[in-house]
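To start, the structure under review is shown below, and the notes come after it.
We count residues from 1, following the sequence as given. This is a predicted model, so every value here is computed, not measured.
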Amino acid sequence: MTAPDSPRALAVLPARLASARLPGKPLLDRTGQPLIAHVVARVRRARTIDRVIVATDDDRIADAARDAGAEARLTRDDHPNGTSRIAEVIHRLNAQGEAVSPIVVNVQGDEPEVEPTHIDTLVDALTAAPDAPMATLAAAWDPAIDPADPNVVKVVVGGNGDALYFSRSPIPFDRDGDGVDRLHHVGLYAYRPAFLETFVALPPTPHELAERLEQLRALEHGHRIRVAVVDHARPGIDTPEQYAAFVERTAKAHSAG
């Protein structure tokens, strides 16, 4: 196995300016720097990452990414999701003859508090499962979260460590009320580079469309998703309220430091 201090993965951060609930999200800078810069800084601290690329359709985001120490690649503006945007970047790198790491990590551009160690856990999980084309993270259930909240995605994992199903519904269902252990899905993904092209070529599937969860496309087409479980995970930034709370936490951290 690769030594712990030997980087072996490429991180690609999809980031777009348009956001229905929080317009201009990657460039919000009430902390003194753009949101995308916070994400880049966290990702660069992961021991398994040797290259960080921000994939975006906006020059301003690209400039902010470069200022933060990442590379930037401009992509088409018609991608349906971040995975598709990442696949375009990997396709271009291959077409240009650039070496691509054996694992590509998808870190959304609105995750300013992503744990670098969680990225490492994800990469290690896919490295240890050579037959799996992709991996993701789950976190132990926070009792403060309502299991019926459709904005919190749940995942059920089999005994072999692979995902059985993802849902916005409270799975597994506790029929007898005896209590069940639930896992909260964390939207970090790692892929084999070749699988990205395979994934985006797959047609959408019924459960994916019903749940609006793109990872179900892989499962419905028979592809494995290895799941690594961590103790906790802070959600990304989707709303003005979440961004305001992040700004407050950042200010407190700076004053404490």
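A donor-acceptor pair is defined here as one N or O able to donate and one able to accept, closer than 3.5 Å; such a pair exists between the side chain of Asp58 and the backbone of Arg60. Side chain of Arg226 to main chain of Ala128: no donor-acceptor pair is present (N/O by atom type, distance under 3.5 Å, no hydrogens or angles). Under a 3.5 Å cut-off, the side chain of Asp57 and the backbone N or O of Thr75 do not form any donor-acceptor pair. The backbone N or O of Ile171 lies less than 3.5 Å from no partner atom in the side chain of Ser169, so there is not a single donor-acceptor pair. With Arg51 contributing its side chain and Val12 its backbone, the two residues share no donor-acceptor pair below 3.5 Å. No donor-acceptor pair under 3.5 Å is formed between the side chain of Arg76 and the backbone N or O of Asp78. The closest donor-acceptor contact from the side chain of Ser255 to the backbone of Lys252 lies under 3.5 Å. Of the possible donor and acceptor atoms, one in the side chain of Arg217 sits under 3.5 Å from a partner among the backbone N and O of Leu202. Between the Glu220 side chain and the His207 main chain, a donor and an acceptor come within less than 3.5 Å of each other. Arg192 places no side-chain N or O within 3.5 Å of a backbone atom of Pro133 that could act as its donor or acceptor partner.
You'll find the side chain of Val43 stays beyond 4.5 Å of the side chain of Val40, heavy atoms only. Contact annotation: the side chain of Arg42 never approaches that of Glu111 to less than 4.5 Å [non-hydrogen atoms, C-beta and beyond]. Looking at heavy atoms from C-beta onward, Pro240 lies in side-chain contact with Leu22 at the 4.5 angstrom threshold. At least one side-chain heavy atom of Arg73 sits less than 4.5 Å from a side-chain heavy atom of Leu93. Between Asp142 and His184, the closest side-chain pair of non-hydrogen atoms is not below 4.5 Å. Trp141 is not listed as a side-chain neighbour of Val180, based on a closest heavy-atom distance of 4.5 Å or more. For the pair Thr48 and Val105, the minimum side-chain heavy-atom distance is 4.5 Å or more. Annotation: side chain of Pro172 is not in contact with side chain of Lys154 (no heavy-atom distance under 4.5 Å).
Residues Val157 and Leu216 share a hydrophobic cluster, clusters being chains of Ile/Leu/Val/Met/Phe/Trp/Tyr side chains in contact below 4.5 Å. In the hydrophobic clustering of ILVMFWY residues, with side-chain heavy atoms under 4.5 Å counting as a link, Met134 and Val153 come out together. Criterion: ILVMFWY side-chain heavy atoms under 4.5 Å apart, direct or through other members. Under it, Leu13 and Leu126 are part of a common hydrophobic cluster. Ile103 and Val227 are not part of a single hydrophobic cluster, where members link through side-chain heavy atoms under 4.5 Å apart. Hydrophobic clustering keeps Val229 apart from Leu137 (ILVMFWY residues linked when any side-chain heavy atoms are closer than 4.5 Å, directly or through intermediates).
Under the 4.0 Å criterion applied to side-chain N and carboxylate O atoms, Lys25 and Asp238 are assigned as salt-bridge partners. We find that Asp63 and Arg66 are joined by a salt bridge, their nearest charged nitrogen and carboxylate oxygen being less than 4.0 Å apart.
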Please evaluate residues Tyr189 and Glu214 with respect to the criterion side chain to side chain donor-acceptor pair (under 3.5 Å), reporting the C-alpha separation (whole Å), side-chain torsions for both, the decisive distance (0.1 Å), and the verdict. CA-CA 12 Å; Tyr189 296 95; Glu214 65 177 287; over 6 Å; no
His232/His118 under ring-ring contact (aromatic ring centres under 6.0 Å, His included): CA gap, chis, key distance, verdict: CA-CA 9 Å; His232 68 282; His118 288 179; 5.4 Å; yes
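The aromatic rings of Phe199 and Tyr191 sit tilted relative to each other, their planes meeting at an angle between 30° and 60°.
A side-chain donor-acceptor contact under 3.5 Å links His185 and Thr136. Side-chain N/O atoms of Gln108 and Asn106 include a donor and acceptor closer than 3.5 Å.
Cation-pi geometry between Arg30 and Tyr243 is not met at under 6.0 angstrom from the ring centre and within 45 degrees of the axis.
Ile36 contributes atom CD1, which lies 11.5 Å from atom CG of Leu17 (distance to the nearest 0.5 angstrom). Here Asp120 contributes atom CG and Ile49 contributes atom CD1; the two are 7.5 Å apart, rounded to the nearest 0.5 Å. The distance from atom CD of Glu98 to atom CD1 of Ile90, rounded to the nearest 0.5 Å, is 9.5 Å.
Residue Arg234 is tested with Glu115, Gln242, Arg249 for a side chain to side chain contact (heavy atoms under 4.5 Å, CB included); the sole match is Arg249.
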